[in-house]
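Data block below; observations after.
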Amino acid sequence: MQNADVIPSIVMAAHALARFAAQDAGNDAPSAQWRALSILERQGGMRIGALALAARTTQPGMTRLVGMLEQAGLVSRSTDPADTRATLVDATDGGLAHLRAWRAEMRDTLAPRFADLDEEEWAVLRRAAGILAAHAQEPTTTGAPA
């Protein structure tokens with residue numbers, strides 16, 4: 001396996017683990033919800049178009065998702081101070097708490113799958129997690145469409 005060939009393997013394994021966690025936990029929230037809240041957690045308030053771009057979805061799809069998240073109290077909308085015609089979407093404290101709870105649920109649900117790892121393997125995973133996190137930084141979006 002070439003060095004770069006490991007990257008798709010990691011991505012596919014991560015997707016599978018997230019899917020297993022949701023299924024095993026009985027969590028029926030759409031993965032797009034967690035993706036949007038995670039982006040807002042890292043980047044702060046964003047226009048819907050920029051959030052859609054960052055989440056790799058359509059603007060109409062993100063508009064629908066934001067409406068559902070707002071109704072659930074997980075995000076809020078406010079006027080963009082840079083352009084009063086535009087709206088910013090922000091995660092609420094409740095939305096961030098919901099995201100933290102999902103991460104804890106995911107951890108607790110997946111932990112048994114890793115119960116057989118020894119300390120050396122955990123050290124490798126901690127190192128890999130740090131490397132992956134460093135390379136998973138989302139670009140800052142400025143001046144993105146509404």
Side-chain angles (χ1 to χ4, degrees), residues 1-114 117 122-146:
M1 180 182 288
Q2 299 291 322
N3 285 345
D5 291 339
V6 75
I7 297 168
S9 296
I10 290 168
V11 171
M12 297 310 293
H15 284 298
L17 286 170
R19 191 174 58 254
F20 295 150
Q23 290 168 346
D24 293 352
N27 187 304
D28 60 356
S31 59
Q33 169 180 306
W34 307 122
R35 191 168 43 253
L37 287 171
S38 293
I39 292 166
L40 292 170
E41 175 188 45
R42 281 190 298 279
Q43 295 192 12
M46 299 176 77
R47 292 182 179 188
I48 287 181
L51 182 56
L53 186 64
R56 298 198 56 214
T57 191
T58 64
Q59 188 165 335
M62 185 55 69
T63 299
R64 282 189 299 278
L65 179 63
V66 166
M68 291 172 26
L69 296 177
E70 184 177 36
Q71 202 167 38
L74 303 178
V75 300
S76 63
R77 298 182 209 217
S78 61
T79 302
D80 185 344
D83 180 355
T84 58
R85 299 167 297 168
T87 301
L88 292 179
V89 178
D90 261 303
T92 63
D93 289 342
L96 295 176
H98 203 62
L99 181 60
R100 284 190 301 274
W102 165 236
R103 287 177 179 152
E105 183 177 27
M106 186 184 331
R107 176 200 64 218
D108 296 345
T109 301
L110 291 175
R113 290 178 179 266
F114 296 88
L117 298 185
W122 278 111
V124 168
L125 288 180
R126 280 191 292 275
R127 174 85 171 113
I131 292 168
L132 292 170
H135 292 275
Q137 297 301 312
E138 297 180 48
T140 305
T141 54
T142 57

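Across all their heavy atoms, Leu65 and Ala36 have their closest contact at CD2-CB, 4.0 Å. Leu74 and Gly94 get closest at one heavy-atom pair: CD2-O, 4.0 Å. Here the closest non-hydrogen pair linking Trp102 and Ala25 is CZ3-CB, 4.4 Å.
The side-chain heavy atoms of Ser38 and Arg103, taken from C-beta on, include a pair separated by under 4.5 Å. Side-chain contact between His98 and Thr92 is absent, with no heavy atoms from C-beta onward closer than 4.5 Å. Looking only at side-chain heavy atoms (C-beta outward), Trp34 and Ile39 stay at 4.5 Å or farther from each other. Leu88 has its side chain out of reach of Met46: every pair of non-hydrogen atoms, C-beta onward, lies at least 4.5 Å apart. No side-chain heavy atom of Thr87 sits less than 4.5 Å from a side-chain heavy atom of Asp80. The side-chain heavy atoms of Leu40 and Val89, taken from C-beta on, include a pair separated by under 4.5 Å. In this structure the side chain of Leu37 never reaches within 4.5 angstrom of the side chain of Glu41, judged on heavy atoms.
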Next item on the list: Please assess Asp83 against Arg47 for the test salt bridge (Lys or Arg N to Asp or Glu O under 4.0 Å), listing each intermediate value before the final yes or no.
Entry: CA-CA 11 Å; Asp83 180 355; Arg47 292 182 179 188; 3.6 Å; yes

Next item on the list: Would you sort out whether Arg77 and Asp90 count as a salt bridge (Lys or Arg N to Asp or Glu O under 4.0 Å), showing the intermediate values?
Entry: CA-CA 6 Å; Arg77 298 182 209 217; Asp90 261 303; over 6 Å; no

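Under the side chain to side chain donor-acceptor pair (under 3.5 Å) criterion, Arg56 pairs with no residue at all, not counting sequence neighbours.
Annotation: Arg126, atom CZ; neighbour count of heavy atoms from other residues, nucleotides and ligands within 6.0 Å is above 12.
The structure places OG1 of Thr63 at 12.5 Å from CE of Met68, a figure rounded to the nearest 0.5 Å. Between atom CG of residue Asp24 and atom CG of residue Asp108 there is a gap of 12.5 Å, rounded to the nearest 0.5 Å. Atoms CE and CG, on Met106 and Leu17 in that order, are 9.5 Å from each other to the nearest 0.5 Å.
Judged purely by atom type and a 3.5 angstrom limit, Arg35 uses its side chain to pair as donor or acceptor with the backbone of Ala55.
Using bins of under 30°, 30° to 60° and over 60° for the plane-to-plane angle, the ring pair Trp122/Phe114 lands in the tilted bin.
Under 3.5 Å, the side chains of Thr57 and Arg64 contain no donor-acceptor pair of N or O atoms.
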